[in-house]
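Before any comments, here is the structure.
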Amino acid sequence: MQVLRDILYQLLPRPRPFGAPPQHGERVARRLLILSRNPNPSFSYYLDERAKTLDHIEVIMKGLDDPLDAIDSDGLFVIICRYIKRPQLRWLEERRDTLAGVAYFVDDDIPAVVTGNEAGWLYKFRLIKLAVRPLPRINRLLTHVWTSTDALANALAMKSHRIDILRPLPADAPEIAINSRNESVRPLKMVYHATGVHRREHEFLMPIIKAAMQKHGNLHFEVFAAGSLARRWSQQGIDPAKMTIIPPLPWPAYLAKTMHHQADIALAPLLSGKTNASRSDTKRIDISRLQAAAIFSRCPTFERCAVPGELHIGNTAEEWMAAIDLLVGDHARRLSARDATRCSIEKMRQHASPTFPGIRFEPLSGAD
């Protein structure tokens with residue numbers, strides 16, 4: 001079965017910039033159109049803050065079902081964020097000669113997700129429909145391909161086709177709220193927020209969390225899970241009064257929840273594998289928004305913006321239990337880990353260019 005998966009992985013199309021190359025290095029664009037399945041984390045982590053820097057340029061945001069007919073395509077640069085539907089793709093094809101360029105941005109190894117055994121079939125079908133099947137037509141338009149990490153660029157790259165890195169650019173870290181609640185009379189809140197795509201990480205944590213909840217009476221655990229994963233969590237023998245299972249939330253609801261409902265400890269395991277090897281460290285952004293002390297897997301993904309004071313451990317049950325014990329029992333260590341991840345967000349900003357690679361924007365004549 002794995003051999004078939006590997007063959008299919010190699011056969012699935014990759015983004016290729018087959019569009020006409022720039023004649024003088026950088027292209028000049030007078031307005032920007034971002035096509036995105038809004039709202040979503042890819043836009044928030046990578047495109048939103050960069051678009052805000054273009055205060056002299058018209059920036060147009062369109063969802064996948066929005067019509068484009070009223071948009072002037074002359075001098076328009078288009079960013080396709082992961083997905084596109086046929087009507088918008090046809091609109092781009094009909095106006096390709098007037099466009100300043102087309103970039104495709106992707107932050108996952110989508111062929112690895114489609115051929116892997118973690119994601120559900122419904123999610124895979126959506127990827128095939130919106131990201132895989134349109135690629136041959138998209139490639140004929142592309143002048144740029146951007147990925148979120150070097151590892152992902154290496155996984156997708158082919159000789160003679162350049163892929164630029166668009167690293168995560170988070171907004172400024174939120175102010176630390178002063179928690180006036182007395183920890184001695186409230187349970188500590190430990191969370192694992194991940195979708196079903198991280199099935200292996202869920203399974204890895206289940207016996208660890210069960211043991212931690214039995215050991216620490218002052219601990220409450222919150223996990224995002226649905227379907228079979230939710231059932232498996234509920235079958236772990238953890239006191240239902242000490243565990244909350246929440247179905248994965250739409251992105252706006254998740255943002256609202258994590259901005260207004262903080263946590264004490266946040267778990268960020270990442271096991272080795274083809275899909276995870278290409279991931280970026282955007283989980284730091286979520287954890288910083290939660291104002292929680294993080295436990296990270298020791299891996300290249302989280303080493304990228306690591307700072308002193310963070311907790312990075314190997315993927316063994318013993319090390320994860322010890323790390324949970326440490327943070328549960330040491331208030332000062334929780335605060336230092338929380339503040340370290342906040343510092344790592346600033347490091348992430350410093351490592352990211354606020355520009356879009358290879359594009360030069362010039363405002364329309366007469367624009368303010």
Side-chain angles (χ1 to χ4, degrees), residues 11-20 27 29 31-48 50-51 58-115 119 121-148 152-153 155-158 161-166 197 250-252 278 356-359:
L11 291 176
L12 288 178
R14 267 68 167 170
R16 303 280 182 258
F18 289 151
R27 286 178 174 264
R31 56 178 66 84
L32 176 66
L33 169 64
I34 300 176
L35 302 178
S36 176
R37 189 171 177 266
N38 286 330
N40 69 72
S42 300
F43 174 80
S44 296
Y45 294 146
Y46 299 93
L47 304 179
D48 192 18
R50 288 181 170 91
E58 181 185 8
V59 178
I60 307 163
M61 314 282 190
K62 292 293 183 180
L64 300 186
D65 294 313
D66 292 338
L68 306 180
D69 294 335
I71 299 174
D72 182 358
S73 62
D74 185 36
L76 181 71
F77 192 91
V78 182
I79 299 175
I80 301 170
C81 180
R82 293 175 61 106
Y83 309 129
I84 194 168
K85 289 188 175 180
R86 288 182 180 179
Q88 292 183 343
L89 182 53
R90 185 164 52 248
W91 187 90
L92 294 178
E93 291 171 333
E94 292 170 351
R95 293 158 178 82
R96 62 184 302 171
D97 293 336
T98 65
L99 299 174
V102 180
Y104 180 78
F105 170 70
V106 63
D107 55 346
D108 270 324
D109 188 344
I110 290 177
V113 177
V114 169
T115 59
W121 286 108
L122 185 60
Y123 181 61
K124 289 184 179 183
F125 175 77
R126 186 165 70 231
L127 289 179
I128 292 170
K129 179 181 178 181
L130 300 178
V132 176
R133 191 172 65 181
L135 263 183
R137 290 173 64 183
I138 292 173
N139 285 344
R140 291 193 287 270
L141 302 171
L142 291 184
T143 55
H144 298 74
V145 176
W146 303 332
T147 67
S148 53
L152 181 54
L156 299 179
M158 280 185 65
H161 293 294
R162 177 177 176 178
I163 294 180
D164 290 301
I165 310 303
L166 198 70
V197 174
W251 183 242
S278 297
F356 292 103
I359 312 302

Could you tell me the separation between the CZ atom of R95 and the CZ atom of R90, rounded to the nearest 0.5 Å? 10.5 Å
With I165 via side-chain contact (heavy atoms from CB on, under 4.5 Å) - residues at least two apart: T147, D150, A153, R167
Mind checking salt bridge (charged side-chain N to carboxylate O under 4.0 Å, His left out) for R133 and listing every partner two or more places apart, or none if nothing turns up? none
For P39 and P252, the nearest pair of non-hydrogen atoms, with its separation, is CG-CG, 3.1 Å
Looking at S278 and S148, what are the two nearest heavy atoms and their distance? O-OG, 4.4 Å
Backbone N/O of R140 and side chain of R96: donor-acceptor pair under 3.5 Å: yes
So how far is it from Y83 OH to L64 CG, rounded to the nearest 0.5 Å? 9.0 Å
Write down the atom of P13, the atom of P111, and the distance for their closest heavy-atom approach. O-CG, 4.3 Å
Y104: which residues meet the ring-ring contact (aromatic ring centres under 6.0 Å, His included) condition with it, sequence neighbours left out? none
Where A155 and R14 come nearest, the two heavy atoms and their spacing: O-NE, 4.3 Å
Side-chain heavy-atom pair L142, I138 within 4.5 angstrom cut-off: yes
With salt bridge (charged side-chain N to carboxylate O under 4.0 Å, His left out) as the rule and sequence neighbours excluded, what pairs involving residues 58-68 come up? R31-E58, D65-K85
Heavy-atom check, side chain of L35 versus side chain of L68, under 4.5 Å: yes
Give me the atom names and distance for the closest heavy-atom approach of N139 to P15. OD1-CA, 3.3 Å
Drop me the distance from K124's NZ to T115's OG1, to the nearest 0.5 angstrom. 7.0 Å
Please enumerate all residues that pass salt bridge (charged side-chain N to carboxylate O under 4.0 Å, His left out) together with D107, with sequence neighbours excluded. R82
Reported CG-to-CG distance for the pair L12 and L135, which is rounded to 0.5 angstrom: 9.5 Å
For the pair S73 (side chain) and L99 (backbone), establish whether a donor and an acceptor sit closer than 3.5 Å, ignoring hydrogens and angles. no
L166 and P357, any side-chain heavy atoms less than 4.5 Å apart: yes
Is the shortest heavy-atom distance from the side chain of V106 to the side chain of L156 under 4.5 Å? yes
Do S36 and L47 come within less than 4.5 Å of each other through their side chains, counting heavy atoms only? no
Do other residues, nucleotides or ligands put more than 12 heavy atoms under 6.0 Å from the CZ atom of R137? yes
Output the distance between atom CG (L33) and atom CG (L92), rounded to the nearest 0.5 Å. 7.5 Å
Can you name the closest pair of heavy atoms from V102 and L141 and give their distance? CB-O, 3.7 Å
Using the salt bridge (charged side-chain N to carboxylate O under 4.0 Å, His left out) rule, collect all pairs that involve residues 37-48, keeping only residues at least two apart or in two chains. D48-K52
Atom CZ in F77, atom CZ in F356: separation rounded to 0.5 Å? 9.0 Å
Report, as yes or no, whether the 6.0 Å neighbourhood of atom CG on L11 holds more than 12 heavy atoms from other residues, nucleotides or ligands. yes
